[in-house]
Amino acid sequence: MEVVVCRDYQEMSKSAAAMVAQLLRRKPHAVLGLATGSTPLGLYKELIRLHKQEGLDFSQVTSFNLDEYVGLDPQHDQSYHYFMHENFFRHININLRQVHVPSGTAKDYGAFCQWYEQRIKECGGIDLQVLGIGSNGHIAFNEPLSSLQSRTRIKTLARQTIEDNARFFARREDVPIFAVTMGVGTIMEARRIVLLANGGAKAKAVAAAVEGPVSAMITASALQMHPDCTFYADDDAAAGLTMRDYYQWIQAHPPAAPTIQ
Ligand code: PGA
């Protein structure tokens with residue numbers, strides 16, 4: 001895992017966007033794994049800017065979102081379908097037929113989840129997965145004790161997650177208590193992962209995920225086992241990291257073999 005401590009949210013968003021842009025320039029038909037929540041908004045804003053001002057092309061991109069609330073239809077203003085269209089898809093030239101967001105209104109969730117997993121495989125697997133982290137250390141809606149090998153399925157949201165997300169709903173009772181989410185195992189199959197964390201409310205979760213033991217109690221800690229994961233944290237989110245100086249030292253001195261004269 002590479003830990004990158006950023007000065008602020010803007011720098012973090014720009015660095016992550018540069019990573020996505022670099023991938024799309026090398027592989028225009030890349031498969032992106034996308035996340036919702038307040039964290040990736042800056043990343044989407046920067047990607048929209050790159051599309052509008054520098055011609056970054058999404059026309060051949062396929063995308064898969066991590067999760068969706070059960071019971072919210074795609075037009076609901078708190079559904080993740082709506083979020084993605086409003087904050088990203090409608091501003092870029094992605095082909096909407098190549099966009100996938102889990103269904104929150106499936107008739108048969110078991111069949112839907114199997115189809116979603118299958119569809120990711122058919123599209124060649126996810127090249128780059130964007131993640132946020134919950135204050136309880138979750139990735140997507142893989143709440144504490146989710147199997148680290150889990151696949152796409154329905155999860156019951158933890159109380160902490162419901163509290164955290166209540167700010168987006170008129171009333172706390174309106175927050176759905178179930179979600180369809182990619183599993184930790186699904187996420188771990190992405191070729192490359194970039195996790196974004198900002199703000200002091202994430203400091204404990206970030207420290208546990210990066211420096212704690214690998215544990216199903218903090219599902220983000222599974223990323224320690226991923227071969228190509230970059231973990232961005234802004235100054236406040238990085239506050240609990242005991243090895244912070246070392247991560248910054250590595251940034252200044254990336255590993256390199258000595259050149260033979
Ligand atoms: P947030 O959510 O970006 O709104 O903080 C992150 C998450 O729960 O994964």
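This is a predicted model, so every value here is computed, not measured.
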Name the residue from R119, E117, Q118 that meets the side chain to side chain donor-acceptor pair (under 3.5 Å) definition with T152. E117
Sole residue of V194, V4, I133 in side chain to side chain contact (heavy atoms under 4.5 Å, CB included) with F231: I133
Within the 4.5 Å heavy-atom criterion, are [X] and [Y] side-chain neighbours or not?
{"X": "M84", "Y": "Y44", "result": "yes"}
{"X": "D236", "Y": "N198", "result": "no"}
{"X": "K155", "Y": "S150", "result": "no"}
{"X": "K45", "Y": "L41", "result": "no"}
{"X": "Y116", "Y": "T186", "result": "no"}
{"X": "E54", "Y": "R49", "result": "yes"}

Which label fits H253 and W249: parallel for a plane angle under 30°, tilted from 30 to 60°, or perpendicular past 60°? tilted
Tell me whether the rings of F64 and H100 are parallel (<30°), tilted (30 to 60°) or perpendicular (>60°). parallel
Strictly distance-based, threshold 3.5 Å: is any side-chain N or O of [X] a donor or acceptor partner for the main-chain N or O of [Y]?
{"X": "Q78", "Y": "F168", "answer": "yes"}
{"X": "Y9", "Y": "G42", "answer": "yes"}
{"X": "Q98", "Y": "V61", "answer": "no"}
{"X": "H85", "Y": "P74", "answer": "no"}
{"X": "D67", "Y": "P102", "answer": "no"}
{"X": "D235", "Y": "R7", "answer": "no"}
{"X": "S221", "Y": "S215", "answer": "yes"}
{"X": "N93", "Y": "F58", "answer": "yes"}
{"X": "N136", "Y": "A205", "answer": "no"}
{"X": "S63", "Y": "V99", "answer": "no"}

Restricting to non-hydrogen atoms, name the atom on [X] and the atom on [Y] that form the minimum distance, rounded to 0.1 Å.
{"X": "S146", "Y": "R153", "answer": "OG-NH2, 3.3 Å"}
{"X": "A16", "Y": "L43", "answer": "C-CD1, 3.7 Å"}
{"X": "C229", "Y": "L223", "answer": "SG-CB, 4.0 Å"}
{"X": "M1", "Y": "Q224", "answer": "CE-N, 3.7 Å"}
{"X": "A222", "Y": "V184", "answer": "CB-CG1, 3.7 Å"}
{"X": "G183", "Y": "N142", "answer": "CA-OD1, 3.6 Å"}

Are F169 and Y69 close enough that their ring centers fall under 6.0 Å? yes
Is there a chain of hydrophobic side chains (I, L, V, M, F, W, Y, each step under 4.5 Å between heavy atoms) that links [X] to [Y]?
{"X": "V3", "Y": "I250", "value": "yes"}
{"X": "L196", "Y": "I218", "value": "no"}
{"X": "L96", "Y": "I48", "value": "yes"}
{"X": "Y82", "Y": "L72", "value": "no"}
{"X": "M19", "Y": "I92", "value": "yes"}

Output, in order, the C-alpha distance, side-chain angles, deciding distance and verdict of side chain to side chain contact (heavy atoms under 4.5 Å, CB included) for Q129 and L66. CA-CA 9 Å; Q129 175 68 58; L66 288 168; 3.3 Å; yes
May I ask you to check whether over 12 heavy atoms, not counting those of [X], lie within 6.0 Å of atom [atom1]?
{"X": "Q60", "atom1": "CD", "result": "yes"}
{"X": "K121", "atom1": "NZ", "result": "yes"}
{"X": "Q149", "atom1": "CD", "result": "no"}
{"X": "R159", "atom1": "CZ", "result": "no"}
{"X": "Q22", "atom1": "CD", "result": "no"}

Hey, could you give me the [atom1]/[atom2] distance between [X] and [Y], rounded to the nearest 0.5 Å?
{"X": "H76", "Y": "D73", "atom1": "NE2", "atom2": "CG", "result": "7.5 Å"}
{"X": "L157", "Y": "E143", "atom1": "CG", "atom2": "CD", "result": "5.5 Å"}
{"X": "L24", "Y": "L128", "atom1": "CG", "atom2": "CG", "result": "8.5 Å"}
{"X": "T105", "Y": "F112", "atom1": "OG1", "atom2": "CZ", "result": "9.0 Å"}
{"X": "N87", "Y": "L47", "atom1": "CG", "atom2": "CG", "result": "12.5 Å"}
{"X": "T219", "Y": "L131", "atom1": "OG1", "atom2": "CG", "result": "9.5 Å"}

Set out, in order, the CA-CA distance, both residues' side-chain angles and the distance that settles side chain to side chain contact (heavy atoms under 4.5 Å, CB included) for H91 and K52, then state yes or no. CA-CA 9 Å; H91 305 284; K52 295 203 159 136; 4.2 Å; yes
Step by step, would you call I126 with M182 a side chain to side chain contact (heavy atoms under 4.5 Å, CB included)? CA-CA 12 Å; I126 292 170; M182 276 189 207; 3.8 Å; yes
Any chance you could lay out the salt bridge (charged side-chain N to carboxylate O under 4.0 Å, His left out) test for D8 and K14, step after step, and finish with the verdict? CA-CA 10 Å; D8 55 27; K14 284 196 167 197; over 6 Å; no
Side chain to side chain contact (heavy atoms under 4.5 Å, CB included) evaluation trace for S135 with E163: CA-CA 10 Å; S135 63; E163 297 293 339; over 6 Å; no
If you apply the rule side chain to side chain donor-acceptor pair (under 3.5 Å), what do you find for S13 with E46, and how did you get there? CA-CA 7 Å; S13 304; E46 176 62 9; over 6 Å; no
